[in-house]
Number of protein chains: 2
Amino acid sequence: MAMNDKTPPDQSAAQAAGGEASPPTLKTIAFMTGLGVTTVSRALKDAPEIGAATRQRVQLVAKQIGYRPNRAGVRLRTGKTNVISLVLNTEEQIGGFVSDLIYGISEALAPTPYHLVVTPYSRTNDPLEPVRYVVETASADGVIISHIEPDDPRVRYMTEHGMPFATHGRTHMGIEHPFHDFDNRAYSREAVEKLAALGRKRLALLAPPSNLSYYRHMRDGFADALMEQGLSEVPFPTATVDHSIEELRKLTTELMLRPNRPDGFVSGAGAGTFALVAGVEDAGFKLGQDVDIVSKQTSKLLHLLRPQLYVVNEDIRLAGAELAHAVLGRISGRDMASLQSISHPRAVEAYEA
Amino acid sequence: MAMNDKTPPDQSAAQAAGGEASPPTLKTIAFMTGLGVTTVSRALKDAPEIGAATRQRVQLVAKQIGYRPNRAGVRLRTGKTNVISLVLNTEEQIGGFVSDLIYGISEALAPTPYHLVVTPYSRTNDPLEPVRYVVETASADGVIISHIEPDDPRVRYMTEHGMPFATHGRTHMGIEHPFHDFDNRAYSREAVEKLAALGRKRLALLAPPSNLSYYRHMRDGFADALMEQGLSEVPFPTATVDHSIEELRKLTTELMLRPNRPDGFVSGAGAGTFALVAGVEDAGFKLGQDVDIVSKQTSKLLHLLRPQLYVVNEDIRLAGAELAHAVLGRISGRDMASLQSISHPRAVEAYEA
DNA sequence: AAATCCTATTGCAACGTTACAGTTCTTGTC
DNA sequence: GACAAGAACTGTAACGTTGCAATAGGATTT
């Protein structure tokens with residue numbers, strides 16, 4: 001009887017020749033165990049119709065020879081890419097934001113079979129373009145985007161096309177979706193309260209770009225707290241955290257030299273705060289004396305600024321991890337509620353010389 | 001005559017139904033042009049044995065319907081992944097280094113069919129592990145690594161296994177490979193010369209971790225210049241740019257309070273310089289008066305430190321682009337010489353208040 | 001007019017995987 | 001003892017691509 005017409009994969013031959021051993025495939029295991037390829041495939045994914053003994057045997061052999069499913073094979077057959085795409089603007093701000101985000105995502109994906117692919121776009125392009133690319137070419141199972149707008153075309157697009165995604169920031173467009181956000185409203189409120197407690201009266205807000213969702217949040221918290229504390233705002237003309245560092249410094253100096261200069265700042269971003277501090281000092285004023293600054297920070301660098309300064313930490317690495325879990329949750333069909341998280345600011349910390 | 005037994009891909013049916021149009025494949029184009037799949041495949045890659053008219057017609061149709069080769073199909077068939085893997089330590093230093101590197105790589109890869117995959121590892125793991133993973137699973141066509149050691153096991157491993165790669169930093173192990181590096185030797189030399197010109201006598205070096213290649217380069221330039229200028233070194237005990245920011249600040253303060261404190265610093269990294277400045281000021285000394293600092297910077301943030309400070313810019317975005325071109329060059333078999341580049345520091349710049 | 005040689009095109013097979021539709025064998029039921 | 005039912009396993013086909021060997025048809029040579 002022709003006990004086995006299963007061909008031994010040329011594996012053995014190649015290996016004996018001492019050359020580069022081509023990686024083991026299902027066929028290799030099938031040959032080694034004397035089973036069919038299909039059985040091996042199912043045994044490895046714990047399908048119920050495979051006998052317990054067989055399953056164990058297959059899994060043992062697979063582990064022994066270091067079998068890893070060929071991604072291209074799986075992808076071609078199932079359409080599943082095992083890829084999460086992080087869509088990034090390459091004209092991105094200065095600072096470690098992207099680094100930390102990537103670290104956070106990477107760590108969360110590490111124990112999974114997912115790879116992280118960076119999909120860039122530059123300011124010149126339509127922000128929708130990279131997203132469309134990923135959707136059209138089905139080159140990822142899920143997408144993470146940041147710099148969210150209240151009415152974000154990317155969110156609409158991916159929702160309509162059934163592409164799982166998570167956003168770093170909330171939207172306000174009547175579409176439920178996974179997100180992670182920092183409570184910027186609470187932040188700016190606390191910042192104002194801190195400045196009020198310090199006796200400051202005329203506050204300026206270094207706000208995010210006005211098209212982004214968290215602009216509103218931060219503004220609202222700022223405005224509400226101003227009202228409650230009976231303080232007034234000194235408008236920061238046209239400046240946002242997105243300005244070039246040098247430009248921002250100049251604007252700050254100019255602002256400080258006006259008759260009704262602010263005596264307190266709430267800063268919406270870590271890197272911008274350096275410019276703020278420099279701008280204030282350049283105008284001849286002293287922090288902790290003429291003016292106080294409360295800033296968010298995503299690194300620990302502001303701790304090193306010797307002028308007295310108040311900071312609230314935003315953990316971007318954590319955000320990355322949350323976002324990764326959110327997309328994965330979406331992909332595996334978990335219910336929406338568990339995929340939406342907001343991290344709240346800890347109390348304002350003072351770092352004094 | 002059965003003019004065509006080519007089956008129309010269910011494309012049309014699906015599209016007519018108004019549902020999600022499955023992306024066009026070679027089969028789609030073959031059906032539309034009345035040609036065979038093979039012909040279409042070859043026509044699209046400008047194979048010489050295809051008639052000019054046919055080629056043009058195929059390419060036109062392909063463009064019209066927005067055909068994009070299915071990556072999984074190509075990858076399964078050819079083994080080519082069209083992926084470049086960036087291997088990263090997720091315990092990475094503070095600051096925008098990784099961001100800029102990724103931006104640079106992304107921009108260089110944008111006009112190519114290559115995707116950028118981030119392959120992380122944490123300090124607890126063997127640094128060789130992620131590299132081995134990529135090689136064993138053939139999950140990338142090329143690899144970029146940083147934090148290079150003079151005798152780097154990853155370089156050895158990838159060379160032995162024929163995996164194209166480029167390194168951010170040089171090695172000294174008798175293996176030729178593509179790299180990009182910053183001339184840290186020239187940098188520390190120029191830094192010392194600048195400090196000498198300012199009349200400083202006792203210099204300290206905030207060096208990179210001693211296992212890394214550029215530690216030697218920076219040290220050599222420092223030592224040579226010290227000798228030439230007849231200056232002496234004040235050893236910076238155990239401190240490297242890899243220390244935690246806070247620790248580094250403390251060490252600096254301690255150093256400054258010793259009897260033979262330095263009157264000049266050469267800093268090997270941007271983020272560490274913040275700690276240096278803070279440490280000096282905490283000890284009660286003034287920059288530009290008691291002590292001068294020359295630092296590398298990879299962002300523009302140091303420009304904002306108001307104490308007088310001297311900086312040399314290192315363009316990490318450029319490094320990323322160079323590295324990307326180097327791996328791609330390696331993959332396409334370009335000769336080694338054109339894949340090795342060193343960027344030289346511009347003159348020391350002063351940023352004064 | 002036959003043989004030869006190109007040119008342009010073709011189908012088949014295979015990469016590694018999984019869905020599907022069997023097939024064999026054991027066990028239990030009447 | 002016949003038969004149904006389930007358990008355990010199997011082969012075939014297909015995802016989209018490209019290398020290979022083959023072929024049809026026309027032009028060129030003999």
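Letters A, B, ... are given to chains in the order of the sequence lines, protein chains preceding strands, and every chain is numbered from 1.
The side chain of A:L35 sits closest to D:dT10 out of C:dT17, D:dT10, D:dT17. For B:S41, the listed nucleotide lying nearest its side chain is D:dT18; candidates were D:dT18, C:dT18, D:dG16. The side chain of A:N70 lies closest to C:dG16, out of D:dT18, C:dT18, C:dG16. Candidate nucleotides C:dT17, D:dG16, D:dC9 were compared by shortest atom distance to the side chain of B:L76, and D:dG16 ranks first. Distances from the side chain of A:T78 to the nucleotides C:dT18, D:dT17, C:dG16 place C:dT18 closest.
Atom pair A:R71:CZ and C:dC15:C1' shows a separation of 17 Å (rounding to whole Å applied). Rounded to whole Å, the distance from CD1 on B:I29 to P on D:dG16 is 13 Å. Look at CZ on B:R75: it is 20 Å from C1' on D:dG19, rounded to the nearest Å. If you measure from atom CG of A:L26 to atom P of D:dC9, you get 16 Å, rounded to the nearest angstrom. D:dG11 atom C1' lies 14 Å from atom NZ of A:K27, rounded to whole Å.
Base contact: B:T39 has a heavy atom under 4.0 Å from a base atom.
Considering only residues two or more places apart in sequence or on other chains, A:H168 meets the ring pair (Phe, Tyr, Trp, His ring centres under 6.0 Å) condition with A:F97. B:F165 is linked by a ring pair (Phe, Tyr, Trp, His ring centres under 6.0 Å) to B:H177, counting only residues two or more places apart in sequence or in another chain. Listed by chain and residue number, A:N70, B:R75, B:L76 satisfy the side chain to side chain contact (heavy atoms under 4.5 Å, CB included) test with A:A72 (two or more places apart in sequence, or in another chain). Qualifying ring pair (Phe, Tyr, Trp, His ring centres under 6.0 Å) partners for A:H325, counting only residues two or more places apart in sequence or in other chains: none. Contacts of A:R57 classified as side chain to side chain donor-acceptor pair (under 3.5 Å), with partners at least two apart in sequence or in another chain: none. Contacts of A:R334 classified as salt bridge (Lys or Arg N to Asp or Glu O under 4.0 Å), with partners at least two apart in sequence or in another chain: none. The salt bridge (Lys or Arg N to Asp or Glu O under 4.0 Å) check on B:R42 picks up B:E49, with sequence neighbours excluded. When the salt bridge (Lys or Arg N to Asp or Glu O under 4.0 Å) test is applied to B:R71, no partner is found at least two apart in sequence or on another chain.
At a cut-off of 3.5 angstrom, counting only N and O atoms as typed in the model, there is no donor on one side facing an acceptor on the other between the side-chain of A:R77 and the base of C:dT17.
Against DNA chain C, the stretch residues 44-51 of chain A makes heavy-atom approaches under 4.0 Å through A:K45.
Remark on the helix from C:dA1-D:dT30 to C:dC30-D:dG1: inter-end axis angle 70°, axes from five-pair C1' superpositions, rounded to 10°.
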Atom pairs, N/O to N/O, protein against nucleotides 21-24 of chain D, distance under 3.5 Å?
none

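Between B:E107 and B:R317 there is a salt bridge, since a side-chain N of the basic residue sits under 4.0 Å from a carboxylate O of the acidic one.
In this structure, A:R68 and B:R55 both approach DNA chain C, and ranking their closest nucleotides by distance from the 5' end singles out B:R55.
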Which donor-acceptor pairs under 3.5 Å do the side chains of residues 60-68 of chain B make with protein atoms, sequence neighbours left out?
{"residue": "B:R68", "atom": "NH2", "partner": "A:E136", "partner atom": "OE1", "Å": "3.3"}

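Nearest heavy atoms, A:L26 versus A:S41: CD1-CB, 3.8 Å.
One finds the NE2 atom of B:H115 at 11.0 Å from the OG atom of B:S106 (value rounded to the nearest 0.5 Å).
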